[in-house]
Amino acid sequence: MSTDVNEAFAAERTGQLEDARDWERALQDRLAAGTVERLPDGRYRVLSGWDAGEILSARGVPQHGLDLTRGTAALYTSAPAWHSLGNVVPGGISDIDKVLELGGIDYGVTTAPATYLWNGEFRVDHELFHTVRTDTGASLGVVGKGYEVIQNRGAFEFLQELVADSGVIWETAGALRGGKKVFVSMRLPQHVTVDAEGINDRIEPFIVAINSHDGHSPYQVVVTPWRPTCENTERFAVRDAITRWKIRHTRNATDRVKEARRTLGLSLNYYDQWAAEETALARTDIAIDEFNQMIDSLWPPQDATGPRSARNREARRDRLHGLFEGETQRTGHTAYAAERAVTEYLDHYADIRPSAASGLKGNKPAARGLRLLEGTDDELKSQTHRRLMLLRQH
């Protein structure tokens, strides 16, 4: 069996768009089924499926998040996206300058001193600067004096060497949130298969490079099965990365981008190793008692003190069992299914409480996206993988 996450997402999103045309009728069904929930501001959050966590407008229309500064959506893609926006070039192109132009990310970014109004006059803050688009003059973020801009072309041009080396084609390029974040992706010529003789889960790898100018997010390159075409799939690309490489926008950041060429070579080798280990998990049966033992090792029962903690522990266990049983319908009662259940729980359902200091208090979707971006739960996922790999020795 081959699972193309991009095709599956597009099919589900098409269904949502069809539902949106008769939103009031479909709304009650989805609320009753527990697949969406209403937010205080009248919008809705998707709770299940490929796009769990996505925010829908009050009319039920998915929000693409693409930059519309120039009057059209800033997106180039080699295949039509669910929202039918952007410049579609069937078969794709290999020239980076054309990709940047069609993706609407061929602009430069500079910095300008921040100012503030005091007693009727503007003063300059010599410690803070605005990152500014050179084509529109729009402010993209506020940064400190140690911040170094990584220009869009410089962030992505090293991938041109991969295009020249192996003949791969640029798949997508675009900008989000007014140009504060930009991305490009290319499909690798090879694929990996988890358990070819069993579940035959074929994974098509993409290299995705993501640059930001908002002062909050690092520059990063990930190897992932997702092809980003909007804000949601950009989030998925980071969430489901097989491996990642990132740097902060500090001094000499541009020079460190060049290191990614060597690191990517190591990452692609790791992709094969990862597939071999996942195949081993797919061929390892797991009993419910073993699944419970794994849960207890990740979230020790002794940490659940008091009635409320005990209730939360039981709710987490019930959720994990539900996710595990759902995954077993596709991959059997295997360690592979157990790993997928834990990953889905951490990405979509684990309780989070964003603090006021984070600037995201009350905004759980944004806080969850930030956790995915920063790899907050990566260690728990690694612990899960290591423990499940030990089952093969029994």
Side-chain angles (χ1 to χ4, degrees), residues 34 37 45 47-48 52-53 194 222 235-236 238-244 246 270 273-274 276-358 360-394:
E37 65 177 354
R45 178 189 293 117
L47 299 177
S48 64
V194 174
V222 297
R235 175 168 62 92
F236 290 163
V238 174
R239 182 198 71 186
D240 295 334
I242 304 306
T243 186
R244 74 180 70 197
K246 62 184 178 181
Y270 174 69
Q273 175 189 341
W274 174 85
E277 293 187 1
E278 295 301 309
T279 294
L281 294 182
R283 296 177 180 176
T284 302
D285 293 334
I286 185 173
I288 291 299
D289 285 346
E290 291 172 316
F291 185 63
N292 285 330
Q293 290 171 14
M294 182 195 68
I295 294 175
D296 289 343
S297 72
L298 297 173
W299 295 277
Q302 59 267 29
D303 290 348
T305 58
R308 181 175 181 179
S309 295
R311 288 194 299 271
N312 291 341
R313 175 175 176 268
E314 288 305 311
R316 177 173 56 238
R317 182 181 292 267
D318 290 344
R319 172 70 73 179
L320 284 163
H321 273 276
L323 295 172
F324 176 61
E325 288 303 316
E327 185 62 32
T328 60
Q329 302 302 310
R330 189 173 71 89
T331 61
H333 284 77
T334 63
Y336 185 72
E339 186 177 59
R340 303 277 74 71
V342 172
T343 297
E344 186 171 357
Y345 172 78
L346 290 171
D347 289 344
H348 296 310
Y349 301 104
D351 187 36
I352 58 173
R353 294 182 177 86
S355 65
S358 70
L360 298 173
K361 186 175 183 179
N363 190 349
K364 286 190 175 182
R368 196 176 297 279
L370 184 61
R371 289 171 66 88
L372 295 170
L373 185 66
E374 296 182 341
T376 303
D377 295 316
D378 283 359
E379 180 54 33
L380 266 181
K381 294 175 184 177
S382 296
Q383 289 180 33
T384 302
H385 182 79
R386 290 194 297 268
R387 182 174 180 86
L388 292 172
M389 287 295 288
L390 290 176
L391 292 176
R392 299 169 56 235
Q393 301 175 10
H394 300 315

4.5 Å side-chain heavy-atom contact, [X] and [Y]:
{"X": "Glu277", "Y": "Leu388", "value": "no"}
{"X": "Thr334", "Y": "Asp285", "value": "yes"}
{"X": "Leu380", "Y": "Trp299", "value": "yes"}
{"X": "Gln293", "Y": "Ser297", "value": "no"}

Please report the closest heavy-atom contact between [X] and [Y], naming both atoms and the distance.
{"X": "Ala337", "Y": "Gly332", "answer": "CB-O, 3.4 Å"}
{"X": "Tyr345", "Y": "Asp351", "answer": "OH-N, 4.4 Å"}
{"X": "Leu320", "Y": "Val342", "answer": "CD2-CA, 4.0 Å"}
{"X": "Ala335", "Y": "Ile286", "answer": "N-CG2, 3.8 Å"}

How many angstroms lie between [atom1] in [X] and [atom2] in [Y], if you round to the nearest 0.5 Å?
{"X": "Met294", "Y": "Asn292", "atom1": "CE", "atom2": "CG", "result": "9.0 Å"}
{"X": "Glu379", "Y": "Leu298", "atom1": "CD", "atom2": "CG", "result": "10.5 Å"}
{"X": "Thr331", "Y": "Arg340", "atom1": "OG1", "atom2": "CZ", "result": "8.5 Å"}
{"X": "Gln329", "Y": "Phe324", "atom1": "CD", "atom2": "CZ", "result": "10.5 Å"}
{"X": "Glu290", "Y": "Ile295", "atom1": "CD", "atom2": "CD1", "result": "12.5 Å"}
{"X": "Thr279", "Y": "Tyr336", "atom1": "OG1", "atom2": "OH", "result": "8.0 Å"}

Would one find more than 12 heavy atoms of other residues, nucleotides or ligands at under 6.0 Å from atom CZ of Arg386?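 Above 12, so yes.
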Between Glu339 and Arg387, is there a side-chain N and carboxylate O pair less than 4.0 Å apart?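 Not counted as a salt bridge, because no side-chain N and carboxylate O are separated by less than 4.0 Å.
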Looking only at atom types and distance, does a side-chain atom of Thr328 sit under 3.5 Å from a main-chain N or O of Glu325, one as donor and one as acceptor?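 Flag set: sc Thr328 to bb Glu325 pair under 3.5 Å.
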Before we go on, tell me: are the rings of Phe291 and His321 under 6.0 Å apart, centre to centre?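 Close enough - the centres of the two rings lie under 6.0 Å apart.
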